[in-house]
Number of protein chains: 2
Amino acid sequence: MLTTKDVSPTLEEYLEAIYKLERKNGAAKTSELAKMLNVALGTITNTIESMEKQNLIKHKPYKGVNLTRKGRRIAIDVIRRHRLSERLLTDILKIDWSKAHNIACKLEHAISDRDIIRRLDEVLGKPKTCPHGNPIPSEDGEILEEELEVLVDLNPGERGVITRIVYEDPELLEYLASIGLVPGVNIQVKEKAPFDGPITLKAMNRSYALGRNIASFILVKKRHVRGGR
Amino acid sequence: MLTTKDVSPTLEEYLEAIYKLERKNGAAKTSELAKMLNVALGTITNTIESMEKQNLIKHKPYKGVNLTRKGRRIAIDVIRRHRLSERLLTDILKIDWSKAHNIACKLEHAISDRDIIRRLDEVLGKPKTCPHGNPIPSEDGEILEEELEVLVDLNPGERGVITRIVYEDPELLEYLASIGLVPGVNIQVKEKAPFDGPITLKAMNRSYALGRNIASFILVKKRHVRGGR
DNA sequence: ACTTTAAATACGATTATTCGTAGTTTTTAA
DNA sequence: TTAAAAACTACGAATAATCGTATTTAAAGT
């Protein structure tokens, strides 16, 4: 049996962070991890070393770390618990989606029992994504990473549907909710100002100007109009 | 402002245990704590010392520890979170009441945010007790400890209503649920066998024989028939 | 009052997680 | 290709939580 031996909440956090950085950049650099996990660089080095001993990751100095199969399995499990927790918070407890992420960071470590997770999944109606549009892995570790475009990469004229907010920061989420740019909304890019200036887009018959940094956290599903390629 | 400074999950567990032992025996002895928390005696001594430094408890060597006002405030808060968590598990996630307690032991430390607790309370319909009948403290630390009798102390002929199961052990709870002796059930003690033998009682037109140890974990509200004192 | 036993403490040690500073190594840019 | 900058590691140290094995102290029984 594949007994994903239990790791501490701390290591769960590390694995989760590594998973995300690996997705984005191919590997997780220690400096990026330090920033993401809000700990000192030396701490990362120490922990990384012990994680490698436990066969959770592979570390190539100056290149970054990558998950082993074992590490990835646990990471995905944590992500499943995290996103189901977020759903619990927003759908059942009616907590604001901007606060859900941070609270779920604690909850995800508390609901490790298989039965609870399954029951939670059922009560929530087996949701496919978290409230911010990020996919919820299945019980056996499948995760459907759809092919999406980063909003900031769309060119003027292109259309799409807001699908995922990948940076689940309370302030960003609150802002996006306040202006109505949430998953499911159709948008069309109108203009990209030069010198890394804002992106102007149209949605719900209104016009929006977003900074590039914000637009880089939003993934959209491109809509190919009139027989697009 | 009364800022109940945050303590670690471990200390929260200690405070919770001390609260319960203090209730029962006037003070929590280190040996009792060791048993209840499943750690070595030396560990208790160490932790107790650091808790005293933090002004959470008062320790009289060989006599036991007692909570300070500050410690009690935190303990009650933890108990509130614990019992609301149990309700979440049984009422919303439909988890068996015998499993709810142990899972709630982890959950209680994850839901420390005031907003979440309040929302949870509301969604659950502001329950007065946990699924096992134990009172849920109010937001500002009031806890209604009703005057109840221990089942084992009732004399033959006396009647009452099962109200609280104070020892929330999965096996015990499963057993009680299987025979139907849950909070709300009316009982009458029929007989108490000598030499610490079983207690025979009648409930729901059936006869039950319970060991004294089990009967000592069940609290009942006595029913005084025909103008009882 | 004295002795046995039970309870509690002292002490030494380990592991996990964290920090900060100092020193290397790699990359980048001139 | 060499110097500066950035990234990374080494090392020493602190704290929390835990253990086990003495040793000491209090309680109980004779």
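Everything numeric here is computed off the predicted structure, so don't read it as measured data. Heavy atoms only: backbone and side chains are in, while hydrogens, waters and symmetry mates are out. Chain naming here is simple, since letters A, B, ... match the order of the sequence lines and numbering starts at 1 in each.
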Sidechain N-carboxylate O distance under 4.0 Å for A/Glu32, A/Lys29: no

SB check A/Arg119 A/Asp115 (cutoff 4.0 Å): no

Where does the chain B footprint on DNA chain D start and end, counting 5' to 3' with a 4.0 Å heavy-atom cut-off? D/dA17 to D/dA27

Who are the side-chain hydrogen bond (donor to acceptor under 3.5 Å, both in side chains) partners of A/Glu139, not counting sequence neighbours? A/Arg118

For the pair made of [atom1] in [X] and [atom2] in [N], what is the distance, rounded to whole Å?
| X | N | atom1 | atom2 | answer |
| --- | --- | --- | --- | --- |
| A/Lys29 | C/dT25 | NZ | C1' | 13 Å |
| A/Tyr14 | C/dA16 | OH | P | 13 Å |
| B/Glu49 | C/dA8 | CD | P | 16 Å |
| B/Glu32 | C/dA6 | CD | C1' | 13 Å |
| B/Ile48 | C/dA7 | CD1 | C1' | 14 Å |
| A/Ile44 | C/dT21 | CD1 | C1' | 17 Å |
| A/Lys53 | C/dT15 | NZ | C1' | 12 Å |
| A/Leu37 | C/dA16 | CG | C1' | 16 Å |

Verify whether one side chain among B/Lys106 and B/Ser85 offers a donor that lies under 3.5 Å from an acceptor in the other. no

At less than 4.0 Å, is any side-chain N or O atom of [X] found next to OP1 or OP2 of [N]? Yes or no.
| X | N | value |
| --- | --- | --- |
| B/His59 | C/dA8 | no |
| A/Ser8 | C/dT17 | yes |
| A/Thr43 | C/dC19 | yes |

Please check if atom NZ in B/Lys192 has more than 12 non-hydrogen atoms from other residues, nucleotides or ligands closer than 6.0 Å. yes

Around atom CD of B/Glu145, are there more than 12 heavy atoms from other residues, nucleotides or ligands closer than 6.0 Å? yes

What class does the angle between the rings of B/Tyr167 and B/Phe217 fall in, given that below 30° is parallel, 30 to 60° is tilted and above 60° is perpendicular? tilted

If you assign A/Lys63 and B/Thr10 each to the DNA chain D nucleotide with the nearest heavy atom, which residue ends up on the more 5' nucleotide? A/Lys63

Report the nucleotide, chosen from C/dA10, C/dT17, C/dT26, that has the shortest atom-to-atom distance to any side-chain atom of A/Tyr62. C/dT26

Counting any heavy atom closer than 4.0 Å, what does [X] reach on the DNA or RNA strands: base, sugar-phosphate only, or nothing?
| X | answer |
| --- | --- |
| A/Ser50 | nothing |
| B/Ser31 | sugar-phosphate |
| B/Thr30 | sugar-phosphate |

Is it the case that C/dT18 (base atoms only) and A/Asn46 (side chain only) share a donor and an acceptor within less than 3.5 Å, ignoring hydrogens and angles? yes

Let me know which of A/Glu108, A/Glu86, A/Glu12 forms a salt bridge (charged side-chain N to carboxylate O under 4.0 Å, His left out) with A/Arg81. A/Glu12

Need to verify one output field. Residue with the more 5' nearest nucleotide on DNA chain C, B/Gly42 or A/Pro9? B/Gly42

